[in-house]
Structure formats: C-alpha cells, structure tokens
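Worksheet: one structure, shown below.
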Amino acid sequence: MKGRILGILVLLVWGIAKSSFEARLEQRMENTRLGGFKLTASLRQQAGQAGFIAALGGLRATVADLLWISADSAWRKVQYGRMKLIFDTCTAMQPRRVLFWDISAWHMAWNGAAHIANHEPDPVARAAKMREFFLLGKDFLERGIESNPGSWELHDRLGMLYHDKLKDSENASKSYEEASKRPGALEYTRRFAAYYLAEVPGREREAYARLMALFHESEHEWLPTLFRHIQELEAKLDIPDAERIWHAVVKLANTPGNESSAYPGLVDLIKTGSREPAVVEAARALEQKMDIPAARRVKLPPHK
Amino acid sequence: MTSGNTRTAAAVHASAHKLFSLRRTAAIATNTFRDLVRQKVFYFMLVFGLIIIGVSLALASFSFQGQLQTVMDVCLGAMSVFTMLLAVLATAMMLPKDMEDRTLYTILAKPVSRFEYLVGKLAGVTMILVVATLLMTAAFFVVLHFWQGREIENLQLTEPAERAAAAISKIKAGTFTPTLLGGIGVILLRSIVCAALTLMLSCFATSWLFTVIVSLMVILAGHLVPIARSVWQGPLGAADAPFHIAILMRLITVFVPDMQLFNIVDDIAVGISVDAGVFLHIAGLGAGYVLVYLLVGWLFFAWREL
C-alpha cells in the first residue's frame, strides 16, 4: 500500500511539472508549423468512427490517404458532392499537405465546373452553378494558404483560378505576386504578376513600369507576351514614340555582337503587332547577316 | 569465533555488493532480449513487409497524384502502430511470464535488486524495439527509394521541363532527410515510453490482459490530451466547462502522457522541417517519462508481495 501511495504521489508531482512543459512544447511546435491538425466534432462525423479512432491513434496521415484514394473513385463516378466532403476531411486531417488543397481546388474549380458546363442546358443556371464550383475551389486554396502560408504553389493556383475562371486580373496579379515572394517559386510567377496587372483598368501606368522593368532586367524576359503587353500599353498610355520599346530592340540589333539576342526580340515585336519599318528592316538585315533560311524567316502577319 | 567470522564475511560481502550494477542489469537485459527473440516477436516484420508491399501494389493500380507521399504516410503509420503494439504486448507479458515459470523468484533470490530487474527488463524490450525499428526503417527505405524513382520518372514524362525540374529537386531534397530519421527516432522513443508505461502498470496488475487493455487505453487517451488541455487552458477556459468535466480534463493532463507530442511524423512526411530544439525537447520529455514510470514501477514492485 505504501508503495502504491508513494507511486501515485510521484506521478502526481511529475504530472503537474510536465503539464506546463507539454503545453509550452505544444505551443512551440504549433509556432514551427507542426501539429496543425485539430480534433473537432465535425471531423469525427466526416471521418467515421473507425477513421476517427485511427486518426487519434497516430494514423491520421494514413486515414487521410485512404480517404484521398476513395476521392479518386468518387471522381470516376462523377460524384462531386461526395468528393467535396472527402476533400474537407482529408484537408482537415492533413492541413500541411499542399497537394490535398491544390488537387481539391482543381477538382472543384476545373473538373466540377467543366462537368456543369457540359451537362447543364440552361445558360443562366449553368453560369451560376459553374461560379459555385469556382468559389469552392477558391475556398480550398484560401484555406490551404492559411495552413501553408509558405507555399508558392497554392498562391500560384489561386492566381490561375482568379485569372482563368473568375476573370479577376487584379487578384490574379496579387496572387502571383505573393507566389513569387515564396521560396522555390518558379520564375513565371513574377512575370504573370506583371502581365495580369496590365489587364487591370486604371493600373496601366504601374503595369507599364513593371513590364519595362522586366524588359530591362534581362533578355531572358523578352517573351512574346511581354512585348504584346508593352505595345498595348504604349498605345493605351500614349507613350511618346521615342520612348517606345522597339527603339531599344532596334538599337541592340544595330550593335555588333548582339545579333543572336536581338533577333528573337525583333521577331516577337513583329509577331505581337509591331509594324514599325525600322523593326522590319532590322529583322531582315539580321536574317541576311545570320544567314537564316527563307523558310525560317519571320513573316509579317496580315494587317488587322 | 565462528559466528564472528561469518558476520565479518557477510559484512564484507554486503559492502562489496553494489546497490546498482550495470553488469547484472545488462545480463537481465540480454536474457530478456533473447527470450523475446525466442518468442518469435520478429514475425510481425512479415506482417509489416506484407503491408508495405501490398500498399505499393495497390497504389500502382491508382492514378491519383502523390503516391510517394502515400507510401511514406502508410509506412510511417505502420511503423508507429507496430512499434507501439510490440512495446505494449512484449512488456505486458514479461512479469506474469517470469512469475508463472518462476524465473522471477530465481532471479530475485540472487543478489539482484528489484530495481535492477525492472531496468534490465525495460532495457531488453528497448533492444528489441531498436532492432525492430532498424529493420522496419530498412524495409521502408527500400520501398521509398523505389517509389521516389517512379515519381521522378512520372514527372519527367508528364510535366513541362521547368516544372518537372523544380518538382524533382523538391522530391530529391525532401524524401530522405535528416528530419525523417529524427521522426523515426521519435517513433522509437514513443514506443519506449509505451513500454515503460506498460511495465509500470504490470508492476501492480494481476494479469497481462489487464495490463494490455489499460496500457492501450492510456495511450489512446494520451492522444486526446491536447483537447483536455484546451478545455482548461484554452481561450475559453475552464469556466465554460462544467466543473466535473474540467476536473476530469485536468486529471487527464496530469496523469496521462501527451502522445500527440510524439506524433510528428505526419508533419515530417509532408516536408515540414523540425528544428533540433524541438527534437531535444521531445527527447527530454520522453526520457522524463521513462525515468518516472521506472521509478513508480519500482515503488509498486518493491512493496509487492511475490
């Protein structure tokens, strides 16, 4: 009896001492993005009793994976409602798994909406239902970003959703801008932030400055989309002729040793609408100088 | 004269007998390890192997993304459950078995203290757990290596070059990481804590079945400790919970180990890096549990009539 009483006393003293340590450690782990999973009553309903107990017993990731596989079969059976419920559970169980948020949003905003587009005959209902699916996708991405603020991928997908589905270039630009600030972000995110800003009414001046900054940054950025946006903005903002982009490219083309980098720029200028005789002449001169076969020479697009 | 000599010899013997001997403890630990090996506890490796091979084959027939991640999750989950079950079952049966076949009485009749006996037993189980974890880790790494290659191949075939290169370098940098090894270390530590807990319970329990059931219940309740803590330490505070619930939650946080703190592999598997400080804190907490459970087990066992 004496031993048992002593034992329980030791457990009590240890228990009091360790509980505050455990609370601090839990807080520290939360601060370092560990343990984002929260046990909730709704999760209990979604995961089912067995799944919930398994999740409690340390099999949370495995349960989430098994549910994820079942979402795949729901997709094959075109059960978008069931998929949404499964995705909610999976993302609640593994909130740090970026792929769950990304694919859940993609299924809702792209596949789900496409299903409506193909099967809803009434145009008004079709537009409304498709928008619902877009917003479901957006909701997944926004919640995913909340759980994974360092993920460039989720910001990137949100940008794509804003631009391609919700036709909101301003927020698309903002999302790509956010993506580009995160570690590991691919280069195009920075470009897209500037490109989509060019589509926002009222922000042309800011967009023009950013696009020109990209243009001056490196020839690596000289892409057809950049030239197209810059030329459109030059016209829109009535930029003086002497400051227009084609001057810089033609100048480069006329500097010996820069032919191979200037030529693609000239081609892109022509392809994206430039009709300046100096641009066409410089391109033709370089084609001769670089001995580019006739079949591969740039063709002038017909006038609109 | 004769009785005086006997007394002197006994006194010399007593002073020569150390209260705690590492040699004696090591002997008990080695015997425990051998005994468990003889009981074919490693047969569970077959089941583990079947699970990971089965999962690999099953995944191959699905076309969803993230198979590598799923393999990782399932293998780590299986390791976590297997080591925990091995720890509880192997430990729960040790004391009753030693009592049943009277080995315990033979050992304690020798100059071996009950504390040495318990430490030796726990060390023996720990050896088994270390070997089991190493074997499972080896099997896990073989399967992971296979799936890593497969995922990279898929990315090269399906994604544009820039995206594929970024994803591949991410996979390469995020699969076999020191953090993953640290996570496996935490799985091992968690199983040793479970073994110590079970040993403590078996020191006063009368049957191994009781020990197994109570241990598993405590471990399961241990995963609920964060909820219990949030009831009386959270933003709502204990004031919002009924009095008896608040007391119960407080008792749980005091007497039950917080097993969620040892449950970090799920986050590690998704690539979250864990700083060394967190690992050290978890290791310290685990060591604290083992020592306390050992001490309490000894207090229960020291006064127990055998």
Side-chain angles (χ1 to χ4, degrees), chain A residues 1-19 21-26 28-29 32-39 53-66 68-69 71-73 75 93-94 96-100 102-103 148 184-188, chain B residues 59 62-66 69-70 72-74 76-78 80-81 84 162-163 166 170 190 200 204 219-220 223-227 229 233 253-255 257-261 263-267 269-275 277-278 281-282 285 288-289 292 295-297 299-304:
Chain A
M1 197 63 192
K2 194 178 163 188
R4 285 186 189 185
I5 294 169
L6 273 173
I8 289 165
L9 277 175
V10 171
L11 279 178
L12 183 69
V13 172
W14 162 251
I16 293 166
K18 64 101 184 173
S19 3
F21 178 82
E22 283 178 341
R24 280 201 308 275
L25 183 56
E26 187 191 12
R28 184 176 174 171
M29 285 165 77
T32 51
R33 317 297 308 160
L34 281 163
F37 164 68
K38 294 272 177 260
L39 295 166
I53 288 173
L56 279 183
L59 285 173
R60 157 166 77 87
T62 313
V63 173
D65 285 326
L66 293 176
W68 189 248
I69 293 172
D72 189 65
S73 69
W75 180 38
M93 281 192 171
Q94 271 294 58
R96 303 277 187 259
R97 196 158 163 191
V98 170
L99 182 90
F100 281 177
D102 180 11
I103 302 292
N148 304 276
L186 294 184
E187 278 182 32
Y188 71 84
Chain B
L59 288 181
F62 288 102
S63 61
F64 65 95
Q65 287 187 44
Q69 185 73 61
T70 307
M72 224 168 174
D73 290 341
V74 173
L76 287 170
S80 187
V81 169
M84 188 262 284
E162 197 189 4
R163 257 178 197 271
K170 199 175 174 184
R190 184 180 104 129
M200 176 190 79
F204 71 85
I219 291 166
L220 187 65
H223 287 89
L224 290 166
V225 166
I227 296 181
R229 191 183 298 121
Q233 280 187 340
T253 50
V254 167
F255 284 105
D258 185 345
M259 299 310 282
Q260 287 292 2
L261 293 175
N263 197 14
I264 59 169
V265 280
D266 290 342
D267 293 314
V270 291
I272 291 178
S273 59
V274 183
D275 65 81
V278 170
H281 276 79
I282 294 173
L285 185 68
Y289 273 120
V292 168
L295 174 67
V296 175
L299 287 171
F300 290 157
F301 194 51
W303 272 274
R304 183 171 172 175

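Proteins come first, then strands; the chains are lettered A, B, ... in the order of their sequence lines, and each starts at number 1.
Heavy atoms closer than 4.5 Å to chain A are found in the backbone of B:P257, but not in its side chain. Neither the backbone nor the side chain of A:L9 comes within contact range of chain B; no heavy atom of the residue lies under 4.5 Å from a heavy atom of that chain. Only the side chain of B:M200 comes within contact range of chain A, with heavy atoms under 4.5 Å apart.
The ring pair (Phe, Tyr, Trp, His ring centres under 6.0 Å) test applied to B:Y289 returns A:W14, B:Y293, not counting sequence neighbours. Qualifying ring pair (Phe, Tyr, Trp, His ring centres under 6.0 Å) partners for B:F255, counting only residues two or more places apart in sequence or in other chains: none.
Each of A:R96, A:R97, A:R60 was scored for a salt bridge (charged side-chain N to carboxylate O under 4.0 Å, His left out) with B:D266, with one residue passing: A:R60.
Of all non-hydrogen atoms in B:R229 and A:S19, the two that sit nearest each other are NE-O, 4.2 Å. What you find for B:D73 and A:A61 is that their closest heavy atoms are CG-CB, 3.6 Å.
For the set A:I16, A:L12, A:I8, the entry with the most heavy-atom pairs within less than 4.5 Å of chain B is A:L12. The residue among A:R4, A:E22, A:K18 with the most heavy atom pairs within less than 4.5 Å of chain B is A:E22. Interface remark: of the candidates A:V10, A:I5, A:L11, A:L11 forms the most heavy-atom pairs closer than 4.5 Å to chain B. Here B:D258 is the residue among B:D258, B:I282, B:L295 with the most heavy-atom pairs under 4.5 Å with chain A.
Considering only heavy atoms from C-beta on, B:I264 comes within 4.5 Å of A:M29 through its side chain. When side chains are defined from C-beta on, A:D65 does not count as touching B:M72, because their heavy atoms never get closer than 4.5 Å.
In this structure, A:E26 contributes its side chain and B:L261 its backbone to no donor-acceptor pair below 3.5 Å. A:K2 places no side-chain N or O within donor-acceptor distance of the main-chain N or O of B:L299, the cut-off being under 3.5 Å.
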